[in-house]
A.B. asks: 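For reference, the structure I am asking about is given below.
None of the values given here were measured: they were computed from a predicted structure. Convention: sequence-line order gives letters A, B, ...; per-chain numbering from 1.
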Amino acid sequence: MFLMFRSQVEAALGDALRTCGYPPTDLALEVKSDYADLTSLVGFKLAPFLKREPAHIAQTIVEHVHPQGFIGRVEVIGPYINFFVGEAYLHETLRVVLEQNYRYGHTGASGTVILEHTSANPNGPLHIGHIRNSVIGDTLRRSLQHAGYDVETQYYVNNMGRQIALVVWGMMHHELDERKKSDHATADVYVQANADVELQPTKLLEVRHLMRSFERGDEDIARLFEDAVQFCICGITDTLKELGITHDVFVWESEFLDDIDGLIDELKRYEIIENDGSIHIDLSSFGITNNLVMRRSDGTSVYATRDIAYHVWKAGRCHRMIDVLGADHKLNALQVGAVLDLLAVKPPEIVFFEFISLPEGSMSTRRGHFVSADEVLVRVVEKAYEEFDKRRPKLSEAEKRSIAKAVGIGATRYDLLRVSADKPMVFDWTEALDFERQGAPFLQYAHARARNILIKTSMEGDYDPALLSDDYERKLIKICAAFPAVIDEVTLNLRVNVLATYARELSEAFNQFYRYMPVLSAEPSVRRARVALVRCVRTVLRNALSCLGIEPVESM
RNA sequence: GGGCCCGUGGCUUAGUCAGGAUAUAGCACCGGCCUUCUAAGCCGGUGGUCGAGGGUUCAAAUCCCUCCGGGUCCGCCA
């Protein structure tokens, strides 16, 4: 709805510029809700050409703007041209939200998206840093689907590198702890194997031998690798499931082994392959100073080459190819992008996120220094239970457990989403367990309140939207109207934190409305209108929460 | 050493890509509001030279340069 208003403003301004005889230019539109619904600073842009005061230009333009459609009013304050939405905009918003219901927020987008996220090495459990990837990725998946895309999520499984060979070697020499979740048991073995190898570097030869046997096609060895990877992945998917995250496809890295010869042949056409036993590629024309090794001198493949083959395969199967990667992959992604460019394959769109470290330093699976996602989830849900039990002790145990889980998981997801992805974070237990205001519980609480009102009303007949004339009501409707524009922004720029902020602002506006505008006790006609508004807010909030992967609880 | 990212009130943080009217919100701190739809809520207050210094511009948290502090990458690892 907001996007329509915006294009109407653009059209009206364009017309006015023409009738004034001004050249078309940047309309410099911006949203500053304190002043107007949309503001144009076009006067500043034209001033150098017309050699007149911006305020004077703005005044002249406004005299030729004809408010129509959703534009209710135009005013000029100094150089600022302020546009205000009219009643029709508010009424239409309510109508559209209620009509589209679960679909409201779609942007008319279409096409297929392959979205790769998480893709952590199966050498241990997901830790809190991996989860930042998963939650961003999953929120993108939900938002893209809501926008209208057909999305396939993929987990790219490293099932053949040195780290996995170490896991396999570790499992051959150490007992797996049966009592532990499989990914945690894998980490134990992996940490021990690393320690062993550090103590006796000759053991590394055995690990290398495993890698070479795998790549040469030794079936017995391949089975060992497969079992080890599958074993750990089971634990990882359990954790993801707890977070409400599933992948459509698990793509195993080794599947691309067969593509590598063809890939290298094709790159030879560009005559940038050098051969000194190994094969590497000079990417200096892309501003990348380090040569990229495509094949080791012993003939085995490297991760980068397989990754390129993987991207070539994906690119042919979708309209948009999106990767969620840790910031440490930036150089690698640049290299992959450069080679794809040589192959005339479109590069992926990449969402980079910065690391989460511990107060004592960075995390490391290899050294066993990490806080696992499982551990965080258990403690957060436990804390949510305590908090909830204090507030609603009379509910059944099952209800308490279920709501505590929704709140705990939601809080964890929201904490990872609310901060811009390129901000480094430091994990802190007291912070993680503190359900600070305006985190996920704040949003869920607002939703529960709206739901609570709706439960107490039957289907109310027609409503008169004109009765929703209070500032609290108008503000709420305007925020609801912006939802599709937010989804548009999230799916185009791939920035999930704007959705998190949006949901917070909507909840805040609803809580204000809730405090000052009684619904159930209002006189019948007003009551009908407010119930419609509450239904509208509840719909938008529920859709937004669902994109964030936060369960919209019915009561709390 | 070079590349990339971050640096906004005591703490966490929005806004930076697409420069514009009083810099966003939370936590903490101080003070109000539950015979009225769930107070995990609402309202008010204290607190900021937007890391530092230059520059561009009518206008800079936002763009450019230099420097400082923190992170990260620079493997025939993945």
A.B. asks: Is the terminal nitrogen or CZ of A:Arg132 (NZ for Lys, CZ for Arg) located under 6.0 angstrom from the six-membered ring centre of A:Phe353 and within 45° of that ring's axis?
C.D. replies: no
A.B. asks: Using every non-hydrogen atom in the two residues, find where A:Glu215 and A:Ser301 come nearest and quote the distance to one decimal.
C.D. replies: OE2-N, 2.7 Å
A.B. asks: Whether A:Gln512 contacts B:C43 is assessed here as follows: a side-chain N or O lying under 4.0 Å from the phosphate OP1 or OP2. Is that the case?
C.D. replies: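 Indeed, a polar side-chain atom of A:Gln512 lies that close.
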A.B. asks: Tell me: NZ of A:Lys32 to P of B:G20, nearest whole Å?
C.D. replies: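 After rounding, the gap between these two atoms is 7 Å.
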A.B. asks: Among B:C6, B:A21, B:C74, find the nucleotide with the atom closest to the side chain of A:Pro424.
C.D. replies: B:C6
A.B. asks: Roughly how many Å apart are B:G71 and B:U13, using the P atom of each and rounding to a whole number?
C.D. replies: 16 Å
A.B. asks: Please tell me which of the listed nucleotides, B:A78, B:A40, B:U13, lies nearest to the side chain of A:Phe388?
C.D. replies: B:A40
A.B. asks: Within the distance-only criterion (no hydrogens, no angle test), does the side chain of A:Gln444 pair as donor or acceptor with the backbone N or O of A:Glu551 below 3.5 angstrom?
C.D. replies: yes
A.B. asks: Does the aromatic ring of A:Phe44 sit over the six-membered base ring of B:A59, closer than 5.5 Å centre to centre and tilted less than 30°?
C.D. replies: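 It does not: the ring fails the test against the base of B:A59.
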A.B. asks: Output the single nucleotide from B:U72, B:A14, B:C77 whose closest atom is nearest the side chain of A:Arg162.
C.D. replies: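 For A:Arg162, the side-chain atoms sit closest to B:C77.
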A.B. asks: Looking at A:Lys390, does any N or O in its side chain come under 4.0 Å of the phosphate oxygens OP1/OP2 on B:A40?
C.D. replies: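 Indeed not, no polar side-chain atom of A:Lys390 lies that close.
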A.B. asks: The side chain of A:Asn332 is closest to which nucleotide in this list: B:A78, B:C37, B:A40?
C.D. replies: B:A78
A.B. asks: Less than 4.0 angstrom between a side-chain N/O of A:Arg366 and OP1 or OP2 of B:A78, yes or no?
C.D. replies: no
A.B. asks: Categorize A:Ala448 for me: base, sugar-phosphate, or nothing, with a 4.0 angstrom heavy-atom threshold over every strand shown.
C.D. replies: base
A.B. asks: Around A:Glu53, counting heavy atoms of other residues, nucleotides and ligands shown, do more than 12 lie under 6.0 Å from its CD?
C.D. replies: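 Not more than 12 within 6.0 Å, no.
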A.B. asks: Quick one: is A:Arg418 getting a side-chain N or O under 4.0 Å of the B:C27 phosphate, OP1 or OP2?
C.D. replies: no
A.B. asks: What interatomic distance, in whole Å, is found between C1' of B:G9 and the corresponding atom of B:U49?
C.D. replies: 12 Å
A.B. asks: I'd like the C1' distance from B:C50 over to B:U62, given in whole Å.
C.D. replies: 10 Å
A.B. asks: Could you tell me the Watson-Crick or G-U partner of B:G19, where both distances fall under 3.5 Å? Say none if there is no partner.
C.D. replies: none
A.B. asks: For the side chain of A:Ser420 and the base of B:A14, is some donor closer than 3.5 Å to an acceptor across the two?
C.D. replies: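 Check fails, no donor-acceptor contact within cut-off.
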A.B. asks: In whole Å, what separates the P atom of B:U57 from that of B:G10?
C.D. replies: 34 Å
A.B. asks: When the distance from NZ of A:Lys423 to P of B:C11 is rounded to whole Å, what number comes out?
C.D. replies: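 After rounding, the gap between these two atoms is 14 Å.
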A.B. asks: At less than 4.0 Å, is any side-chain N or O atom of A:Arg296 found next to OP1 or OP2 of B:A78? Yes or no.
C.D. replies: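 So the side-chain polar atoms of A:Arg296 do come within 4.0 Å of the phosphate oxygens OP1 or OP2 of B:A78, strictly under.
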A.B. asks: So, is A:Arg449 close to the B:A39 phosphate, meaning a side-chain N or O under 4.0 Å from OP1 or OP2?
C.D. replies: yes
A.B. asks: When the C1' atoms of B:G20 and B:G15 are considered, how many whole Å apart are they?
C.D. replies: 14 Å
A.B. asks: Return no unless some side-chain N or O of A:Tyr303 is found under 4.0 Å from OP1 or OP2 of B:A78.
C.D. replies: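 Negative; the distance criterion is not met.
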A.B. asks: Who is the Watson-Crick or G-U wobble partner of B:C67, with both distances under 3.5 Å?
C.D. replies: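 Here B:C67 is engaged in a pair, and the nucleotide opposite it is B:G51.
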A.B. asks: Just N and O in the side chain of A:Asn497: are any of them under 4.0 Å from OP1 or OP2 of B:G15?
C.D. replies: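 Result: yes.
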A.B. asks: Among A:Asn159, A:Asn158, A:Thr365, exactly one meets side chain to side chain donor-acceptor pair (under 3.5 Å) together with A:Asn121. Which residue is that?
C.D. replies: A:Asn158
A.B. asks: Do we get A:Arg401 above A:Tyr385's six-membered ring, with its NZ or CZ under 6.0 Å from the centre and within 45° of the axis?
C.D. replies: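 Yes, A:Arg401 and A:Tyr385 form such a contact.
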A.B. asks: Please state the C1' separation for the pair B:U16 and B:U24 - nearest whole angstrom.
C.D. replies: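 After rounding to an integer number of Å, I get 13 Å for this pair.
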A.B. asks: Treating A:Asp428 as the side-chain partner and A:Pro359 as the backbone partner, does any N or O pair qualify as donor plus acceptor under 3.5 Å?
C.D. replies: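 No; zero donor-acceptor contacts below 3.5 Å.
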A.B. asks: Looking only at side-chain atoms of A:Asn511, point me to the closest of B:U72, B:U8, B:G41.
C.D. replies: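 The answer is B:G41.
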A.B. asks: With rounding to whole Å, what would you report as the distance between B:U66 and B:C30 at their P atoms?
C.D. replies: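 Here B:U66 and B:C30 have their P atoms 47 Å from each other.
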A.B. asks: At 4.0 Å (heavy atoms only), tell me whether A:Ser297 reaches a base, stays on the sugar-phosphate, or touches nothing.
C.D. replies: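 Result for A:Ser297 = base.
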A.B. asks: Under a 3.5 Å limit for both distances, which nucleotide forms a Watson-Crick or G-U wobble pair with B:G1, could you say?
C.D. replies: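 B:C74 is the nucleotide pairing with B:G1.
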A.B. asks: Output the single nucleotide from B:A78, B:G41, B:C37 whose closest atom is nearest the side chain of A:Phe442.
C.D. replies: B:G41
A.B. asks: With the stacking rule set at 5.5 Å and 30°, tell me whether A:Tyr80 counts as stacking on B:A21.
C.D. replies: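 Yes, A:Tyr80 stacks on the base of B:A21.
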A.B. asks: Measuring only the C1' atom in each nucleotide, how far is B:G51 from B:C6? A whole number of Å is fine.
C.D. replies: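 That atom pair is separated by 11 Å.
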